[in-house]
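Owing to the predicted nature of the structure, the values given are computational and were not obtained by experimental measurement. Just so we're on the same page: letters track the sequence lines, and every chain starts at 1.
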Amino acid sequence: MFEAEQIAVEKQIRTFFAQGGLSDFPLQWNSIPFSGQWGITTSFFQAAAQEARQGKKVSVPQRAQELAEQARDFLGQPAGFERVEAVKGYLNLFYSSAEYARRVIETVLEKAQDYGRGDPKEMQVMVEFSQPNTHKTFHVGHLRNVITGSAVSNILEFAGYTVVRANYIGDIGLHVMKWMWNYMKHHSGEQPAGDLQRWMGDLYTEADRRFSDEPGFELEVRQLFARWDGHDPDLIALWKKTREWSLEGFAQIYDTLGVNFDRFYFESEEEEPGKELVNQLIERHLAEDERPDGPVIIRLDEILGNQADKYRVLVILRSDGTSLYSTKDLALAIRKFKEFPLSRSIYVIDVRQSLYMQQIFKTLELMGYAWAKDLYHLAYEIVNLPGNVTMSSREGTVVLLDDLIREACSRALEIVREKNPELDPAAQEAVARAVGIGAIKYPMLSRDNTKITTFDWQTALDFNGQAAPYIQYAHVRANSILRKAGGSLPPADESLGQLEPAEIALVDLIARLPRDIQRAAATYRPLDIATLAYDLARAFNDFYNQCPVLLAEPAQRNFRLRLVASARQALANSLALLGIAAPAAM
RNA sequence: GCCCUCGUAGCUCAAUUUGGAUAGAGCGCUUGCUUGCGGAGCAAUAGGUUAGGCGUUCGAGUCGCCUCGGGGGCACCA
């Protein structure tokens, strides 16, 4: 927002370098890292170090400070800045804060819900996430994927990319056959009772137990799979019906979480194209067909001439000719690029599949697809239970998503009723949902993807401190002030000269939104936005405590009302990117 | 055995992207704050050899190498 001033100063500093016979080097600008101080900073250590390397006998820090002081004197009073100082080798330029603050506020109020949106980039990006398996339950371990994928999609879209949100449904495979086999054998004709998700999940756990306990049944399941493969009409009909039960359950969950998709892919639809692809690979001698004694494989390291075990061997078809995940994933990758002019294809998949993802990407590269370099595995660490227990549907060690959501919302409702009894019951319900679901989402977004998360009920239901409700509460407070002020905002007032440190800190953060969104998009990091939202809320609370708004003198009151409106907007926009609702009251 | 990943306050996590000034929050502990716009809030106090070592650099939590420790992956699961 202040590029013009920065460029002007940078030009001056280059002149200063040239006049002093100093060699040029790229200046790196940062914002001044001290709270309540608003401006830009650069250092002269590189210039000083360069002199030292050229043989001058100088102490680098001392020389950097000298240069900073000389630059300060050379610059005098540059336009747009109210103060310039040279400290410890740094040159700090402080914005004319009242003027700049008005500029920031003006922009935010004008762009409103589009504040922070990047210019359209003419680039289409696909984000594949969620990838649930039908006939299994959706549990808390799957939540991180959905939340991350959805937030990354929101951020990319807001940053200016065209985003295709893709879901890849695991509707076929051994797990489905196990479930069907158990259903046909022990629950034939039964309809889902009660909680759809739970019912499907219970049957899966039961099927898995029988599968490992009762010998001989593995063969039966494989025979069932062969029947499905041979398009047995009765079996296909049952498969479609039971699959629908799962999909219905998923739709409910996505709806509750406020997540949507543009394109659904189904694993079952990639079977045939996948097998054709395998034949191609065999013909092209990239794959080796060891059937019937062995599977179809690609010896990646051998083809690449690698000594070390880096890419190892990828199995792309079972020895009995049935497909694997890889069979279908290869076909799907190609289909995606046929359907959309993608400049990037992102896979949100847990970190344990890193090697597998690299194998798939490398295989596609070997097949000659130029876009193979545009495939990206966005890996995230898993969600564990206390005691380092991995959640597993097979073992039944899961916390059901439904249970968590229900518990969080009912806990939130209790608090809303206590804090805000005069709100009507329907509004209380709505607030409880916003708070409960926000509280579930935020912890998954506010830590790095590479860190393992441990789920425990107490932490998940803790609404205090660095959590979504804190941010939502700041939004509510801002809203409350504006409601009490009534009517429309006053026009900008030029008469205010000096700002309080709390005001400066708040405006500074609001001004960073556009740039931070670009950075978060470039690095696929919702964490940056989660941190920003929290910092905004904290800065607002600080301001709220130190700076009266409604009772202030007219000039100050006008300015602060506009600042409050800007802060509310910045909070709402950053929460929207995280998929967290910003209620008006709570 | 090979590869990946993590190690920061008692606990859970940050640290502005290719290194920059004083390593910051929350929870928990202790002590305060409400006739000022919502106390789901705020203030203060205590808590650190950034696992350890060597190196690169004017400058390292951040980059490189080594050691220790946790987690994960490595041929017909997904």
Side-chain angles (χ1 to χ4, degrees), chain A residues 28 30-34 41-43 45-46 48-50 52-53 58-64 87-90 92 131 133 170 173-175 267 290 294-297 308-320 322 324-326 329 349-356 358 379 381-382 384 388 394 412 415-416 418-420 435 443 446-448 450-454 458-459 462-467 469-470 472-474 476-478 480-485 512 515-516 519 522-523 525 527-528 530-532 534-535 538 541-542 544-551 560 564 585-586:
Chain A
Q28 202 190 337
N30 282 314
S31 42
I32 298 173
F34 305 112
T41 179
T42 192
S43 73
F45 295 108
Q46 285 184 59
Q50 200 165 353
R53 274 194 293 275
V58 290
S59 137
V60 170
Q62 217 169 41
R63 180 60 182 152
V87 183
K88 294 180 180 175
Y90 292 87
N92 296 333
Q131 308 110 331
N133 284 327
L174 220 50
H175 70 279
E267 220 179 306
E290 300 182 338
V296 181
I297 60 171
D309 291 344
K310 186 161 166 103
Y311 292 102
R312 298 170 188 269
V313 172
L314 178 64
V315 179
I316 56 173
L317 200 69
R318 286 200 187 87
S319 46
D320 65 4
T322 55
L324 289 158
Y325 203 57
S326 54
D329 245 336
I349 299 181
D350 88 65
V351 70
R352 293 173 297 186
Q353 294 184 46
S354 291
L355 173 61
Y356 170 73
Q358 293 316 307
E381 265 291 359
I382 56 170
N384 273 346
N388 199 25
R394 305 160 61 105
I415 300 174
V416 180
E418 178 198 323
K419 305 273 182 191
N420 207 341
V435 170
S446 62
R447 68 199 62 215
D448 211 85
T450 54
K451 294 246 168 90
I452 295 172
T453 302
T454 301
Q458 202 187 333
T459 313
D462 187 356
F463 296 165
N464 296 314
Q466 184 166 1
Y470 177 91
Q472 291 168 320
Y473 185 59
V476 165
R477 277 178 151 179
S480 175
I481 291 177
L482 294 166
R483 191 179 57 235
K484 289 214 162 87
R512 290 180 192 198
R515 202 197 58 193
D516 281 7
R519 197 183 67 234
T523 51
R525 272 164 55 101
L527 166 64
D528 291 342
T531 305
L532 178 70
Y534 176 71
D535 287 345
R538 210 152 48 90
N541 278 328
D542 197 33
Y544 181 90
N545 284 295
Q546 291 179 39
C547 307
V549 178
L550 298 176
L551 299 178
R560 286 181 179 169
V564 170
M586 64 191 269

For RNA chain B, please output the secondary structure as dot-bracket, reading 5' to 3'. Pairs are Watson-Crick or G-U wobble, both atom distances under 3.5 Å; mark crossing pairs with [ ], other-strand partners with |, unpaired with a dot. (((((((..((((......[...))))..((((.......))))......(((((..]....))))))))))))....

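Counting any heavy atom pair closer than 4.0 Å across all strands shown, V564(A) reaches no nucleic acid atom. Using a 4.0 Å heavy-atom distance criterion, S480(A) is classed as a base contact. Note on L324(A): only backbone sugar-phosphate atoms sit closer than 4.0 angstrom, heavy atoms only; bases stay farther off. At a threshold of 4.0 angstrom between heavy atoms, the contacts of V296(A) with the nucleic acid are absent. Base engagement by Y544(A) is indicated by at least one non-hydrogen atom pair under 4.0 Å involving a base atom. Residue-level contact check: E381(A) touches neither bases nor backbone, having no heavy atom under 4.0 Å from any strand. Using a 4.0 Å heavy-atom distance criterion, V549(A) is classed as a base contact. Looking at heavy-atom distances under 4.0 Å, A379(A) makes no contact with the nucleic acid at all. Among the protein residues, N420(A) comes within range of the nucleic acid bases, having at least one heavy atom under 4.0 Å from a base atom.
In this structure, N384(A) places its CG atom 16 Å from P of C6(B), rounding to the nearest Å. Remark: C1' of G73(B) and CG of L355(A) are 7 Å apart, rounded to the nearest angstrom. Atom CD in E267(A) sits roughly 11 Å away from atom C1' in C77(B) (whole-Å rounding). Between Q353(A) atom CD and A78(B) atom C1' there is a gap of 6 Å when expressed in whole angstrom units. D320(A) has its CG atom 18 Å from the P atom of A75(B), to the nearest Å. We find that CD of Q472(A) is positioned 18 Å from P of G38(B), with the value rounded to whole Å. Atom CG of D350(A) is separated from atom P of G71(B) by 17 Å (rounded to the nearest Å). Between the C1' atom of G26(B) and the CD atom of Q458(A) lies a distance of 14 Å, rounded to the nearest Å.
Checked against salt bridge (charged side-chain N to carboxylate O under 4.0 Å, His left out), R63(A) has the following partners two or more places apart in sequence or in another chain: E51(A), E66(A). D448(A) is linked by a salt bridge (charged side-chain N to carboxylate O under 4.0 Å, His left out) to R525(A), counting only residues two or more places apart in sequence or in another chain.
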Considering only nitrogen or oxygen atoms on both sides, find all protein atoms under 3.5 Å from nucleotides 18-21 of chain B and state each distance.
residue	atom	partner	partner atom	Å
G20(B)	O2'	Y90(A)	OH	3.0
A21(B)	N6	T41(A)	OG1	2.7
A21(B)	N6	N92(A)	OD1	2.9
A21(B)	N1	N92(A)	OD1	3.2
A21(B)	N1	N92(A)	ND2	3.1

Can you give me the N/O atom pairs linking the protein to nucleotides 59-64 of chain B at distances under 3.5 Å, or say none if there are none?
none

Each nucleotide N or O in nucleotides 11-14 of chain B that has a protein N or O under 3.5 Å away: list the pair and distance.
residue	atom	partner	partner atom	Å
U12(B)	O2'	R447(A)	NH1	3.3
C13(B)	OP1	R447(A)	NH1	3.3
C13(B)	OP1	I452(A)	O	3.2
C13(B)	O5'	R447(A)	NH1	3.1
A14(B)	OP1	D448(A)	N	2.5
A14(B)	OP2	K451(A)	NZ	2.3

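In this structure, the side chains of Y470(A) and N541(A) come closer than 4.5 Å at one or more pairs of heavy atoms. Inter-residue side-chain proximity for K88(A) and P61(A) is flagged as unmet; no heavy-atom pair is nearer than 4.5 Å.
Spacing of P atoms, A9(B) relative to G38(B), comes out at 39 Å, to the nearest Å. A43(B) and G26(B) have their P atoms separated by 8 Å, given to the nearest Å. Distance noted for atom P between G59(B) and G19(B): 15 Å (whole Å). Separation of the P atoms belonging to G7(B) and G52(B) is 13 Å when rounded to the nearest angstrom. Remark: the separation of the C1' atoms in A40(B) and A21(B) is 36 Å, to the nearest Å. Across the C1' atoms, G24(B) and U50(B) are found 13 Å apart, a figure rounded to whole Å. Taking atom C1' in both G28(B) and G64(B), one finds a spacing of 39 Å when rounded to whole Å. For G20(B) and A15(B), the C1' atoms lie 13 Å apart once the distance is rounded to whole Å.
Phosphate contact (OP1/OP2 of G39(B), side-chain N/O of R477(A), threshold under 4.0 Å): present. Side-chain N/O atoms of R312(A) include none lying less than 4.0 angstrom from OP1 or OP2 on G1(B). Between R53(A) and C58(B) there is a side-chain polar atom (N or O) within less than 4.0 angstrom of OP1 or OP2. Side-chain nitrogen and oxygen atoms of Y470(A) include at least one within less than 4.0 Å of the OP1 or OP2 phosphate oxygen of C42(B). Contact annotation: Y356(A) does not reach the phosphate of C77(B) (side-chain N/O to OP1 or OP2, under 4.0 Å). Contact check, Y473(A) against A40(B): a side-chain N or O comes under 4.0 Å of OP1 or OP2.
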Take Y325(A) and Q353(A) through the side chain to side chain contact (heavy atoms under 4.5 Å, CB included) test and state the conclusion after the steps. CA-CA 12 Å; Y325(A) 203 57; Q353(A) 294 184 46; 4.2 Å; yes

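Classification of R318(A) and D320(A) as a salt-bridged pair fails, no side-chain N sitting under 4.0 Å from a carboxylate O.
Across every non-hydrogen atom of L527(A) and S446(A), the tightest pair is CD1-O, 3.2 Å. In terms of heavy atoms, T322(A) sits closest to L317(A) at O-CD1, 3.4 Å. In this structure, D516(A) and L532(A) approach most closely via the heavy-atom pair OD2-CD1, 3.7 Å.
Position along RNA chain B of the nearest nucleotide to I382(A) versus G465(A) favours G465(A) as the more 5'-ward residue.
Distances were taken from every side-chain heavy atom of A585(A) (C-beta onward) to each of C77(B), U17(B), G38(B); the shortest belongs to G38(B). Nearest to the side-chain atoms of D309(A) among the listed nucleotides G36(B), G38(B), C2(B) stands C2(B). In the set C76(B), G26(B), A40(B), G26(B) carries the atom at the smallest distance from any side-chain atom of Y534(A).
Under 3.5 Å, the side chain of S319(A) and the base of C76(B) form at least one donor-acceptor pair of N or O atoms.
Side-chain N/O atoms of N30(A) and T41(A) include no donor and acceptor closer than 3.5 Å.
Put simply, the side chain of R519(A) never gets that close to the backbone of R515(A): no donor and acceptor are under 3.5 Å apart. With hydrogens and angles disregarded, a donor-acceptor distance shorter than 3.5 Å links the side chain of R560(A) to the backbone of P548(A). Proximity of a side-chain donor or acceptor of Y356(A) to a complementary backbone N or O of S326(A) within less than 3.5 Å is detected.
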